[in-house]
Number of protein chains: 2
Amino acid sequence: MEPSGVVASARERVRDAVRGEIIVAARAQLATEGAGALSLRAVARELGMASSAVYRYFKSRDDLLTALIVEAYDSLGAEAEAAATLGQGSLEHWRNACRAVRRWALSRPTEYTLIYGSPVPGYQAPELTVAPASRVLFALAALLAEANDAGELVEDPSTVLPTSLDTEMRALADFAIPGVAPSIVAKALVAWNQLFGQISFEVFGQLHGLVQDTDAFFEFAIDAMGRFVGFRPA
Amino acid sequence: MEPSGVVASARERVRDAVRGEIIVAARAQLATEGAGALSLRAVARELGMASSAVYRYFKSRDDLLTALIVEAYDSLGAEAEAAATLGQGSLEHWRNACRAVRRWALSRPTEYTLIYGSPVPGYQAPELTVAPASRVLFALAALLAEANDAGELVEDPSTVLPTSLDTEMRALADFAIPGVAPSIVAKALVAWNQLFGQISFEVFGQLHGLVQDTDAFFEFAIDAMGRFVGFRPA
DNA sequence: CGCAAATGAGAGCAGTGCTCTTATAAAAGA
DNA sequence: TCTTTTATAAGAGCACTGCTCTCATTTGCG
């Protein structure tokens with residue numbers, strides 16, 4: 001009999017509870033041990049169950065990893081979405097969104113590593129991770145669209161795109177942020193890469209010895225990149 | 001007896017040869033299997049020797065990993081250094097250096113992942129990796145210094161730094177690129193993060209479905225960021 | 001030539017992901 | 001209520017991993 005979906009049977013509820021416990025334990029182990037060192041057996045030990053029992057809930061280690069990845073993407077996406085409407089003016093919205101992403105990354109570094117670091121060896125992200133993975137980008141796109149509607153996005157006429165890129169950016173704009181100029185879309189993508197590049201470098205320790213006041217440097221970067229994209233300062 | 005260093009004894013030469021063979025086999029396995037899946041036993045099998053014998057040459061798996069990392073850093077550094085003097089004008093030098101980094105990354109993705117992706121679980125980079133890791137950054141710094149000396153670097157007076165960042169960037173400039181304005185140093189670091197952020201996103205597949213013509217997009221980015229830093233177009 | 005050092009091979013330990021069979025508990029049907 | 005079906009748990013086992021030990025062999029140097 002197919003479960004009705006909304007109303008969960010007693011068995012289903014306890015099953016979901018166990019699933020949740022496994023995920024919690026796995027996340028704890030992830031935080032302490034690191035991404036690829038996530039061991040199903042260790043999680044099982046932690047929970048006092050046989051390793052084989054865990055396979056009733058996750059058919060493979062990658063399956064468990066996927067659950068963690070989806071959770072991380074969703075958590076980060078929610079933070080970014082919430083922050084993208086804070087403050088006054090588009091530039092401040094942009095900055096707050098960036099700050100939210102960084103704050104999340106620094107508070108949950110192993111999970112940031114999981115989703116924005118190198119792919120875990122042998123792991124292939126399944127289809128269902130695509131949607132949650134896009135949330136941050138969509139939040140930034142919405143930000144862009146609002147700024148454009150409010151007239152707070154100025155286009156630099158000296159920015160020229162080659163035709164191939166122009167048509168691509170135009171298509172991208174039509175899909176997600178109608179009305180925004182192709183050159184601004186391209187710049188926004190550049191800024192997006194900058195944002196995650198900088199956060200990754202900070203999380204992965206690549207800034208060590210170069211920059212001490214990472215807070216100030218980050219503020220400088222998001223301000224500069226915000227203006228680069230075309231946000232008009234309030 | 002300490003080996004004289006320059007002249008290698010017969011034993012030392014064959015030892016170095018075996019070491020080299022192991023590294024080659026390891027790199028091959030790295031390329032096919034991925035970063036964290038590098039197995040000492042597998043490379044031993046490949047070379048037809050017992051796994052325990054490999055431990056005569058590398059005292060741990062991390063030790064072998066370090067050798068690969070150093071080799072990768074040096075290879076990338078050499079490419080960047082060579083490219084940073086190609087072409088006419090600072091902006092073109094900058095662009096060629098960026099192109100070289102990207103070309104290297106795309107041609108050796110697993111090794112790029114090894115050095116710029118998430119740290120391998122449980123692996124702690126030893127001190128001796130610091131120097132080769134800095135080569136790319138130093139190449140870019142030299143580029144900046146030359147551009148500044150040639151008067152091809154213009155400072156945007158509207159760029160203001162907070163005092164803490166100003167002193168830091170000034171100290172950084174004094175150390176590596178004397179004469180370059182603090183605001184330009186900060187912008188160069190932003191551009192550096194952008195460069196590796198974009199390349200990482202491309203290598204890790206995060207650009208999939210967003211940008212098709214990654215070549216054109218990269219050209220746009222390095223041109224835009226080059227101007228952002230202050231390189232005067234030739 | 002002989003000796004000491006370097007090397008190779010093998011066994012073994014503790015760990016991993018994963019699969020299989022067997023036992024048990026719980027829900028569903030008669 | 002009793003039986004049957006189904007989900008879960010447990011354990012053994014396979015093939016693999018990094019790494020350490022011992023023991024035999026080779027090899028180069030004095």
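Every chain is numbered from 1, with letters handed out A, B, ... down the list of sequences.
Taking the ring axis of Phe218(A) as reference, the NZ or CZ atom of Arg99(A) does not stay both within 45° of it and closer than 6.0 Å to the ring centre.
Taking the nucleotide of DNA chain C with the nearest heavy atom to each of Val14(B) and Ser39(A), the more 5' of the two is matched to Val14(B). If you find the closest nucleotide of DNA chain D to Ser51(B) and to Arg41(A), the one lying nearer the 5' end belongs to Arg41(A).
Atom pair Arg15(B):CZ and dA6(C):P shows a separation of 9 Å (rounding to whole Å applied). Taking atom CE on Met49(B) and atom P on dA6(C), their separation rounds to 17 Å, with Å as the unit. Rounded to whole Å, the distance from CD on Gln29(A) to C1' on dG15(C) is 13 Å. Across the protein-nucleic acid pair, Arg45(A) atom CZ and dG15(C) atom P stand 7 Å apart, rounded to whole Å.
Counting any heavy atom pair closer than 4.0 Å across all strands shown, Leu47(A) reaches no nucleic acid atom. No engagement by Leu64(B) is indicated, since no non-hydrogen atom pair under 4.0 Å with the nucleic acid exists. As judged by a 4.0 angstrom heavy-atom cut-off over every strand, Phe58(A) is placed among residues making no nucleic acid contact.
Between dT7(C), dC18(C), dT16(C), one nucleotide has an atom nearer to the side chain of Tyr57(B) than all others, and that is dT7(C). Residue Ser52(A) places its side chain closer to dA10(D) than to any other of dA9(C), dA10(D), dC18(C). Among dC19(D), dC18(C), dA10(D), the nucleotide with an atom closest to any side-chain atom of Ala53(A) is dA10(D). In the set dT16(C), dC18(C), dT22(D), the nucleotide with an atom closest to the side chain of Leu40(A) is dC18(C).
The phosphate of dC21(D) has neither OP1 nor OP2 within less than 4.0 Å of any side-chain N or O from Tyr55(B).
Using modelled atom types and a 3.5 Å distance limit, the side chains of Gln198(A) and Glu202(A) yield no donor-acceptor pair. Arg108(B) and Ser75(B) form a side-chain donor-acceptor contact under 3.5 Å, judged by distance and modelled atom types alone. Judged purely by distance below 3.5 Å, without hydrogens or angles, the side chains of Arg61(B) and Ser39(B) never pair a donor atom with an acceptor atom. Ser200(A) and Tyr112(A) share a donor-acceptor pair across their side chains, judged by distance under 3.5 Å alone.
The minimum heavy-atom distance between Ala139(B) and Glu81(B), with the atom names listed, is CB-CG, 3.9 Å.
Looking at Val43(A) and Val54(A), their side chains never come closer than 4.5 Å, going by heavy atoms from C-beta outward.
At a non-hydrogen distance threshold of 4.0 Å, nothing from residues 18-26 of chain B comes into contact with DNA chain C.
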